[in-house]
Colleague: 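For reference, the structure I am asking about is given below.
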Number of protein chains: 2
Amino acid sequence: MNLAIHPETFKVACSGCNLRELCMPIGFNLDDMKRLDEVVATRRRVKQGDLLFSSGEQFTSLYAIRTGFFKTSVSTDDGREQVTGFQMAGEVIGLDGIVSDHHNCNAVALEDSDVCVMPFANVEELSREFPVLQRHVHKIMSREIVRENSIMMLLGNMRAEERLAAFLLNLVQRLHARGFSQSELVLRMTREEIGSYLGMKLETVSRTFSKFSEDGIIDVKQRYVRIVQPDALKKIFNPDVC
Amino acid sequence: MNLAIHPETFKVACSGCNLRELCMPIGFNLDDMKRLDEVVATRRRVKQGDLLFSSGEQFTSLYAIRTGFFKTSVSTDDGREQVTGFQMAGEVIGLDGIVSDHHNCNAVALEDSDVCVMPFANVEELSREFPVLQRHVHKIMSREIVRENSIMMLLGNMRAEERLAAFLLNLVQRLHARGFSQSELVLRMTREEIGSYLGMKLETVSRTFSKFSEDGIIDVKQRYVRIVQPDALKKIFNPDVC
DNA sequence: AGATATCTTTGATGCAAATCAAACTATTGC
DNA sequence: GCAATAGTTTGATTTGCATCAAAGATATCT
């Protein structure tokens, strides 16, 4: 698995960040970009297993992931956890906190991570000044709504194999957009976390991985996955089109 | 079931609309409110069963529901439908279209309805001018994200009875916020649509209604539902707290 | 008002995934 | 380097809901 993005090349400011095209709007002149840098107040390191924010906590900032990997989840009072998403470099988390000024989910780092802290007051102020940033923020929120729509489809209508196929295709597509392989990936999350996201038990996740492996669709060795027959996965996810 | 909101009292402008506190921000002086009226371009009537917008269609506007009731849904290529939400007066739909400039779901009127058409360009322009409107738009989008998180919890972790209990409690709570009874409601959707939203088959929805009825928790007669023991419903939804 | 289509309820049966259980593998800590 | 812990795989059994089926209720049309 080749690392196309080298952490050591990161600059402090958005204007010099090679993830800019993922988490910031494009089409700025240099002066505007310098102003845009103001949106990021600080950086924050989050060690594997640590919380970036948790449900109930005061909301102040959005977070753009620079390096690392997160999961977000919500919980019931009786302790059931639902993973609501997995986020990687260039993605923005914390949008859930805007409505009530308090976070509504937990964000946990699944590996040592590094985030840009964007105080929401800065985001709103600069959004009023820069229509392209305003549009960008709206798109990020809309994208999250659309993503959750498709998860609802997954959870409400799909069988275990379809869910896992969709999950793998989505992960590898996002990794590929970041310069990683489109056929190999290392899962940052446990079978239980995958299961929670996809509405199935860890044993079912494991069995489904084994099934795909037996069918020659993927190679799995624990957290390492290689997609041998991407078309077969697409066909499982969407029998009609492929 | 008493109608606290009388359609005939509606004014054309937001400033005179008695739903304003639901779909528009509060805390304006009269001059600002007049400006805010510009956000609504026109009105549109949608007859029962008709589409307000559909997946793939060009996105231009958000829609605030003035009267009536909608469902939104997404579909797979092989024809499976997932209802992603039910919306009533004062709620805003169309946010899914922002990210790609095309709508990503279908919105169907479940009764004759009336919506305020808010061209998104207007919304963005006025948002830059009025921070309180900007914040309001952000909150609406964030609220939708949080709602979908809780539906993911429902679909991923809850059993049929819990899902239906949560659904009824949510519906009646929103209706009550609009001046309707907190114990009686008339369902605007079929058993199949409820089932689609909650990830279960129509027969299971029907059986679960019957079960609640046998247990004396609700009275059901087709579309009419009266909640006899709200605490029992809350207990089913959340066994620990209640 | 009667016919037709749509929606709902209830019963019988089947099945996909959950649960229970135990062995196996990888990672972490001393 | 070995023990302890955390995570994964696989098998046996159970179960909640889906599916199949048919009757009953309501709404719509002519």
Side-chain angles (χ1 to χ4, degrees), chain A residues 47-50 69 71 79-83 108 110-112 154-168 186-215 218-225 236 239, chain B residues 47-50 71 79-83 108 110-112 154-168 185-215 218-225 236 239:
Chain A
K47 293 183 89 75
Q48 183 169 28
D50 284 356
F69 202 90
K71 70 166 177 183
R80 285 178 282 186
E81 185 192 44
Q82 173 70 38
V83 170
V108 177
L110 295 184
E111 59 184 38
D112 289 354
L154 219 65
L155 294 172
N157 280 291
M158 306 245 185
R159 289 169 309 99
E161 289 189 22
E162 297 176 284
R163 295 181 201 193
L164 193 63
F167 171 75
L168 288 173
V186 175
L187 299 169
R188 249 70 247 209
M189 69 294 280
T190 66
R191 300 289 189 261
E192 188 168 21
E193 287 162 337
I194 296 171
S196 172
Y197 186 51
L198 299 177
M200 49 209 255
K201 293 294 153 186
L202 69 94
E203 295 94 329
T204 307
V205 175
S206 179
R207 274 183 240 276
T208 310
F209 269 124
S210 300
K211 169 74 159 52
F212 286 172
S213 181
E214 282 158 28
D215 294 350
I218 61 173
D219 281 350
V220 206
K221 182 118 195 277
Q222 303 283 135
R223 301 284 179 102
Y224 167 86
V225 178
I236 288 166
Chain B
K47 292 184 87 77
Q48 182 169 29
D50 284 356
K71 70 166 178 182
R80 286 178 281 186
E81 184 192 46
Q82 173 69 39
V83 170
V108 176
L110 296 183
E111 58 182 41
D112 289 354
L154 218 66
L155 294 173
N157 280 291
M158 305 244 186
R159 289 170 309 96
E161 290 189 21
E162 298 177 283
R163 294 182 200 193
L164 193 65
F167 171 75
L168 288 174
L185 66 155
V186 175
L187 299 169
R188 248 69 249 208
M189 69 293 281
T190 66
R191 299 291 188 259
E192 188 167 22
E193 287 162 336
I194 296 171
S196 173
Y197 186 51
L198 299 178
M200 49 210 256
K201 292 294 153 184
L202 69 94
E203 295 94 329
T204 307
V205 175
S206 179
R207 274 182 240 277
T208 309
F209 269 124
S210 301
K211 169 75 160 48
F212 286 171
S213 181
E214 282 158 27
D215 293 351
I218 61 173
D219 281 350
V220 205
K221 183 121 195 276
Q222 304 282 133
R223 301 285 179 101
Y224 166 85
V225 178
I236 288 166

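What's counted below: heavy atoms across the whole structure, side chains too, no hydrogens, waters or symmetry copies. Each chain gets a letter, A, B and so on, in the order the sequences are listed, and its residues count up from 1.
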Colleague: For A:Ser210 and B:Gln222, find the nucleotide of DNA chain D closest to each by heavy atoms; which residue's nucleotide sits nearer the 5' end?
Modeller: A:Ser210
Colleague: Taking CG from B:Leu154 and P from D:dC17, how many angstroms apart are they, rounded to a whole number?
Modeller: 12 Å
Colleague: State plainly whether the residues A:Lys211 and A:Glu214 are in salt-bridge range, i.e. N to O under 4.0 Å.
Modeller: no
Colleague: Closer than 3.5 angstrom, by distance alone: can the side chain of B:Asn157 be matched with the main-chain N or O of A:Glu81 as a donor-acceptor pair?
Modeller: yes
Colleague: Roughly how many Å is it from CE in A:Met158 to C1' in D:dA18, rounded to a whole number?
Modeller: 17 Å
Colleague: Could you grab the distance from atom CD1 of B:Ile194 to atom CG of B:Leu164, nearest 0.5 Å is fine?
Modeller: 6.5 Å
Colleague: Report which part of the nucleic acid A:Lys221 touches: base, sugar-phosphate, or nothing (heavy-atom distance under 4.0 Å, all strands).
Modeller: sugar-phosphate
Colleague: Return the value, rounded to whole Å, for the distance between atom CD of B:Glu214 and atom P of C:dG11.
Modeller: 9 Å
Colleague: Calculate, to the nearest 0.5 Å, the distance between atoms OH and CG belonging to B:Tyr224 and B:Leu185 respectively.
Modeller: 8.5 Å
Colleague: What's the NZ-C1' distance between A:Lys201 and D:dT15, to the nearest Å?
Modeller: 14 Å
Colleague: Categorize B:Gly199 for me: base, sugar-phosphate, or nothing, with a 4.0 angstrom heavy-atom threshold over every strand shown.
Modeller: sugar-phosphate
Colleague: Distance check, rounded to the nearest 0.5 Å: B:Leu187 atom CG versus B:Leu168 atom CG?
Modeller: 7.0 Å
Colleague: Any Lys/Arg nitrogen of A:Glu161 or A:Arg207 sitting under 4.0 Å from an Asp/Glu carboxylate oxygen of the other?
Modeller: no
Colleague: Could you check which of D:dT8, C:dT10, C:dT19 has an atom nearest any side-chain atom of B:Glu203?
Modeller: C:dT10
Colleague: What is the distance, rounded to the nearest whole Å, between atom CG of B:Leu202 and atom C1' of D:dA25?
Modeller: 15 Å
Colleague: Need the bend value for the helix from C:dA1-D:dT30 to C:dC30-D:dG1: angle between end axes, 5 pairs each end, nearest 10°.
Modeller: 60°
Colleague: Check the distance between D:dT9's P and A:Phe212's CZ and give it to me in whole angstrom.
Modeller: 13 Å
Colleague: Indicate yes or no: at least one non-hydrogen side-chain atom of B:Phe209 is less than 4.5 angstrom from one of B:Ile218.
Modeller: yes
Colleague: Between B:Glu192 (CD) and D:dT19 (P), how many Å, whole number?
Modeller: 11 Å
Colleague: What's the closest nucleotide to the A:Arg191 side chain, out of C:dT8, D:dA12, D:dT9?
Modeller: D:dT9
Colleague: NA contact type, A:Arg223, heavy-atom cut-off 4.0 Å: base, sugar-phosphate, or nothing?
Modeller: sugar-phosphate
Colleague: In terms of the nearest nucleotide of DNA chain C, which residue is placed more toward the 5' end: B:Val220 or A:Gln48?
Modeller: B:Val220
Colleague: Roughly how many Å is it from OH in B:Tyr224 to C1' in C:dT9, rounded to a whole number?
Modeller: 19 Å
Colleague: Drop me the distance from A:Tyr197's OH to A:Met189's CE, to the nearest 0.5 angstrom.
Modeller: 9.0 Å
Colleague: With a 4.0 Å limit, can you tell me whether B:Thr204 has a side-chain N or O closer than that to the phosphate oxygens OP1/OP2 of D:dG16?
Modeller: no
Colleague: Which nucleotide sits closest to the side chain of A:Arg207: D:dT19, C:dT19, D:dC17?
Modeller: C:dT19
Colleague: Under 4.0 Å between a side-chain N or O of B:Ser206 and OP1 or OP2 of C:dT8?
Modeller: no
